[in-house]
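Worksheet: the structure to be examined is printed underneath.
Counting from 1, the numbers follow the sequence of the chain as shown. In this text the structure is predicted, and so the values were computed from the model without any measurement.
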Amino acid sequence: MKKIVMFLTLVISLYSQSPDTIQVIVNPTTGSVLDTFTITVYVLDKSTGQIDTSYTGPVYFNIDNQTAYHLMDPTGASVYKGSVTVPGVRIYRAGNVAVYAIAQNGARGASSVLSISPATPSRIQVLYENQLLVPGDTTIGGKAPFSPPARIAGDTVGFRLFLTDRYYNPVFGNADIYLSSNDSLAEYIPDSTSISDSAAVNVWFKIATNPPQFGGTDSRMLYVLPYDTLNFRGDTLTPSFQINAGNYTKLLLLGPGERHFPGDLINGKKGEIPYLPSAIPFNLRVYVCDDYHNWLSGVNDNAILVFNPADTLIDTVPSVLNLSQGVDSFQVTIYRSGAYVVYALDQDIGRQSNQVILSITGSMYISQVSPDTVLSGNPIHLTVRFVDPESTLVPHSHNLYLTPVLAENLQPAPGSLTPQVVYLTSGTFDGNITYTTNASEEIRIMITDSLGTGEHYTDYIYVAYLSSLPDTLINYPNPFGKVGSEITHFNFYLPRPARVKLYIYDLFGNLIKKFETNGNTGINQITWSGKNDKGKKVASGTYVVILKATSGAEKVLETKRLISVIR
């Protein structure tokens, strides 16, 4: 602004000394901001009124003597021997305006008043309550420079909305818009707006930018967005502004699984605290907050944690926390299972935080199953131990709930498990269960309880279903060969002991692998690593398996099947 004043002062000084004046003629005298005009400039001798042919040099244009804004193009021309004609001139400011011309020697003049109409409505401008709209300026977005004051979280800030043409000239019309902000909790009054030429709106901001609540730097913005994006363009408030956190009024305590939610008047946090194992450290985070749970620093008070019950088997590091940074945490270790209520206490002023409930489980399960391959309906031996995080047995007695699930996706398995409830005695269960199915399945047993201990899954169990026992050969997994499933198991049933030979051929009839063993009455298993007789991995593809079982000269079982290897 000082530069503009100095420039105008210089022009006035030069003009008072200049022997010349300027005549400005604009054609046509009416039109639109979308039209072009022709400007003719004559530099005239003041005393004679004749063209001063001795003047050759620049002449500068502006609209309504407003040199601070770019309201037309071009903004200058070169005069030769006292005159110049400039075609194709664009005037961006609508209304009753005049074109001013100023020569380098200080001579100046203005055209007669022009009547310039705006273009069709196409923009929605958003400005601060006291910020000026600059119609016609194409370099600063139609807004005068403005220094917004910093606000406090919870303040209501006023804004003005204008419907303009493409050059920011106010126009008559209607547009439906909605407002948005990078404050996710901001409230708008009114919350939906239809602009008829212009409108006023108040916004209630809640999330502080100073200090920034989400790390890094932050500043508050307001966006106006038209529903009709084809015909209207929205706007972003400039410049952005700051929302300062208010005074220290609340102390906020967050447990594991909870996260800070600044701007929320009621809770200030989201998330849920999971069950926590004993003897494993976890953090309780403390925030110094204003009314809207925005954290702020610089409070030099001391805080402690208060537990109920006040168990002696609780370690808190540090024992006393200084609040000067506005956010810090205690590392807590609880060695006894149970439910605890805890809150933070500002010892200096007696301010208490919200209460947090901690559920300490103190244990977990480890298990073992055998065999890992079993015929449908045959016993599975299950051993379960209840241990602490150091794998030391926890001698607790309670029910265990057993649920069969498919190994591949942990969804409920279709077969039936017996029993479904067993009793853990002094931390241990050791007994048999059975799983009955009408299809061969790879399952796991999910173990849960009513204490809040996390779900536990046993190792994989392959349950074979042989629909026609004397003639059935199955293998699992099929296909196999990838990492994690590099071997396959062949299962078959023998009604009596027999000599077993198992041959694996490729599709060209080449013998790849041969097994010979003595089979027993019942389910038998042969495991293949996917390697040929020379110890090399076979290629991906389909293979033929033939199994022959004989007892002396008598055939006990002869069958074959196709299997697939996928690398």
Side-chain angles (χ1 to χ4, degrees), residues 1 121 123-135 137 140-164 168 170 174-227 229 232-250 252 260-268 287-298 326:
M1 184 58 73
R123 292 182 182 271
I124 299 128
Q125 290 288 95
V126 54
L127 291 85
Y128 290 95
E129 202 167 33
N130 297 318
Q131 188 178 17
L132 296 178
L133 180 70
V134 182
D137 192 288
I140 59 174
K143 304 174 185 180
F146 189 74
S147 298
R151 305 300 181 111
I152 303 296
D155 283 354
T156 300
V157 186
F159 302 93
R160 295 181 301 150
L161 310 177
F162 292 90
L163 190 61
T164 73
Y168 312 105
N174 294 280
D176 293 328
I177 59 101
Y178 62 96
L179 300 170
S180 181
S181 169
N182 56 353
D183 181 339
S184 61
L185 297 178
E187 295 186 24
Y188 310 96
I189 309 170
D191 58 1
S192 60
T193 304
S194 178
I195 296 182
S196 296
D197 312 330
S198 65
V201 63
N202 292 322
V203 184
W204 178 16
F205 292 99
K206 303 175 185 179
I207 302 177
T209 63
N210 183 32
Q213 300 298 302
F214 300 105
T217 58
D218 192 13
S219 59
R220 198 56 65 229
M221 304 290 294
L222 180 67
Y223 313 100
V224 54
L225 305 168
Y227 284 98
T229 57
F232 295 97
R233 178 179 295 180
D235 189 29
T236 301
L237 181 73
T238 54
S240 58
F241 62 101
Q242 297 296 319
I243 297 289
N244 292 325
N247 296 323
Y248 171 30
T249 59
K250 294 179 179 179
L252 178 66
H260 184 208
F261 187 46
D264 178 33
L265 186 62
I266 306 302
N267 298 314
Y287 288 80
V288 174
C289 297
D290 64 7
D291 282 338
Y292 292 88
H293 291 102
N294 294 294
W295 75 269
L296 60 152
S297 59

Would you give the length of the straight line joining atom [atom1] of [X] to atom [atom2] of [Y], rounded to the nearest 0.5 angstrom?
| X | Y | atom1 | atom2 | answer |
| --- | --- | --- | --- | --- |
| R123 | L163 | CZ | CG | 12.0 Å |
| N210 | T217 | CG | OG1 | 11.5 Å |
| D183 | L222 | CG | CG | 10.5 Å |
| S181 | Y223 | OG | OH | 7.0 Å |
| D218 | S240 | CG | OG | 9.0 Å |
| S194 | Y227 | OG | OH | 10.5 Å |

Looking only at non-hydrogen atoms, find the nearest pair between [X] and [Y] and report the distance.
| X | Y | value |
| --- | --- | --- |
| I243 | I152 | CG2-C, 4.0 Å |
| P211 | L296 | CG-CA, 4.1 Å |
| A208 | N294 | N-OD1, 2.8 Å |
| M221 | T236 | CE-CG2, 3.1 Å |
| G141 | Y168 | O-CE2, 3.5 Å |
| F232 | P226 | O-CG, 3.5 Å |

Close side-chain approach of [X] and [Y], heavy atoms under 4.5 Å:
| X | Y | answer |
| --- | --- | --- |
| W295 | P212 | no |
| I177 | L225 | no |
| P170 | P135 | yes |

Any luck finding a side-chain donor-acceptor pair between [X] and [Y] under 3.5 Å?
| X | Y | value |
| --- | --- | --- |
| Q125 | T164 | no |
| N182 | R220 | yes |
| N174 | S196 | yes |
| T249 | D290 | no |

Stepwise side-chain contact (heavy atoms from CB on, under 4.5 Å) check, F214 with I207
CA-CA 10 Å; F214 300 105; I207 302 177; 3.9 Å; yes

Using 4.0 Å as the upper bound for N to carboxylate O, is an ion pair formed by K143 and D235?
yes

Which one of L185, D155, V157, T156 satisfies the side-chain contact (heavy atoms from CB on, under 4.5 Å) criterion with F205?
V157

Contacts of type salt bridge (charged side-chain N to carboxylate O under 4.0 Å, His left out), residue D137, not counting sequence neighbours:
none

I'd like to know if the side chain of [X] reaches the main chain of [Y], judged simply by a donor and an acceptor atom lying under 3.5 Å from each other, with no hydrogens or angles considered.
| X | Y | answer |
| --- | --- | --- |
| E129 | V201 | no |
| K250 | L265 | yes |
| Q131 | A144 | yes |

Y287 ring center near H293 ring center (under 6.0 Å):
no

Is the F159-Y188 ring centre distance short of 6.0 angstrom?
no

Is there a side-chain contact (heavy atoms from CB on, under 4.5 Å) between I124 and V126? Walk through the geometry before answering.
CA-CA 7 Å; I124 299 128; V126 54; over 6 Å; no

Would you please test T193 and Y178 for side-chain contact (heavy atoms from CB on, under 4.5 Å) and show each step?
CA-CA 6 Å; T193 304; Y178 62 96; over 6 Å; no

Parallel, tilted or perpendicular: which fits the ring planes of W204 and Y292, with parallel below 30° and perpendicular above 60°?
perpendicular

Is it the case that over 12 heavy atoms from other parts of the model lie below 6.0 angstrom from the CZ atom of F146?
yes

